[in-house]
Amino acid sequence: MLSSKDIREWIKTKHPDFDKYYVGKLDNKYQKAICIFSLQTDNSVAIGGRDNTKTKKSDFSILIHYDKNYTTTEQYAQLLYDELSKVRQEEIGNYVIDYIELDYGAPVDLHTDDNGVYERIIEFTIYYHEKS
């Protein structure tokens, strides 16, 4: 199963413009940070059981905690969103990503945190299979 840590390490290779990368909990002290959260997943099993289930799926959320400039935060969130939308047949550890289904038409604006840093969120489902 793909973990939040796997996604975090992979995101670092896709979009290295962030200073900090977190899993599960964001430290609000830093700007230009990203945090990966695992979401509840309905792990569908094919008829015939797990041995016959080739494609798996996992749901994740990426919180983009960028800076105090609305436009800059929007731009960096959109860049990451666009990169995710193009992913096909990329490897993460022992898995190959078949497709990423983005839940919304754009990163969702969460406004600012208590320190005035703008935030956006990208929620998505990764469909993947184990390497042969």
Can you see which heavy atom on S4 is nearest to which on V23, and at what distance? CB-CG1, 3.5 Å

Using the side-chain hydrogen bond (donor to acceptor under 3.5 Å, both in side chains) rule, take D82 and S85 through it: C-alpha gap first, then chi angles, then the decisive distance, then the call. CA-CA 5 Å; D82 291 344; S85 72; 4.9 Å; no

Side-chain heavy atoms under 4.5 Å apart, restricted to Ile/Leu/Val/Met/Phe/Trp/Tyr: what other residues fall into the cluster of L63, or is it alone? Y22, L26, Y30, F37, Y104, V108, L110, I121

Would you sort out whether S38 and D59 count as a side-chain hydrogen bond (donor to acceptor under 3.5 Å, both in side chains), showing the intermediate values? CA-CA 6 Å; S38 176; D59 295 319; over 6 Å; no

Distance check, rounded to the nearest 0.5 Å: K68 atom NZ versus T112 atom OG1? 9.5 Å

Between the CG atom in D98 and the NZ atom in K57, the distance rounded to the nearest 0.5 Å is 13.5 Å

Atom NZ of K86 with >12 non-hydrogen neighbours under 6.0 angstrom: no

What are the two closest non-hydrogen atoms of K14 and V87, and how far apart are they? CE-CG2, 4.2 Å

For K56 and E130: C-alpha separation, side-chain torsions, deciding distance, then whether side chain to side chain contact (heavy atoms under 4.5 Å, CB included) applies. CA-CA 9 Å; K56 300 175 182 177; E130 291 185 38; 2.8 Å; yes

Check for me, please, whether Y118 and Y66 land in the same ILVMFWY cluster - side-chain distances under 4.5 Å, paths through other members count. no

Checking side-chain contact (heavy atoms from CB on, under 4.5 Å) between Y128 and each of E91, E90, M1, which is the one that passes? M1

Minimum heavy-atom distance I7-F124, with the two atoms named: CG2-CZ, 4.3 Å

Apart from Y127 itself, members of its ILVMFWY cluster (side-chain separation under 4.5 Å) are Y99

Quick one: salt bridge (Lys or Arg N to Asp or Glu O under 4.0 Å) partners of E74, sequence neighbours excluded? R120

Is there a path of hydrophobic side-chain contacts, each under 4.5 Å between heavy atoms of I/L/V/M/F/W/Y residues, joining I126 to I122? yes

Counting distance only, does the side-chain N/O of D113 pair as donor-acceptor with the main-chain N or O of N115 below 3.5 Å? yes

K12 (side chain) donor-acceptor with F18 (main chain) under 3.5 angstrom: no

In the structure I gave you, are the side-chain heavy atoms of Y70 and D109 within less than 4.5 Å of one another anywhere? yes

Which is it for Y95 and D6 under the side-chain hydrogen bond (donor to acceptor under 3.5 Å, both in side chains) test, yes or no, and what are the steps along the way? CA-CA 10 Å; Y95 302 103; D6 294 330; over 6 Å; no

As an exercise, state the distance from CD of E83 to OG1 of T13, rounded to the nearest 0.5 Å. 9.0 Å

Got I97 and R88 here, is their nearest side-chain heavy-atom distance under 4.5 Å? no

Closest contact, heavy atoms only, C35 versus G24: SG-N, 3.6 Å

Ignoring hydrogens, what is the shortest heavy-atom contact between Q78 and P107? Give both atom names and the distance. OE1-CD, 3.3 Å

Any T125 side-chain heavy atom under 4.5 Å of I100 side chain: no

Between Q31 and V117, does the side chain to side chain contact (heavy atoms under 4.5 Å, CB included) criterion hold? Intermediate values first, please. CA-CA 7 Å; Q31 293 185 29; V117 176; 3.9 Å; yes

Given side chains that start at C-beta, do those of Q89 and V96 come closer than 4.5 Å, heavy atoms only? yes

Would you say that E123 contacts L39 through its side chain, given a criterion of any heavy-atom pair below 4.5 Å between the two side chains? yes

Any side-chain heavy-atom pair from L80 and I34 closer than 4.5 angstrom? yes

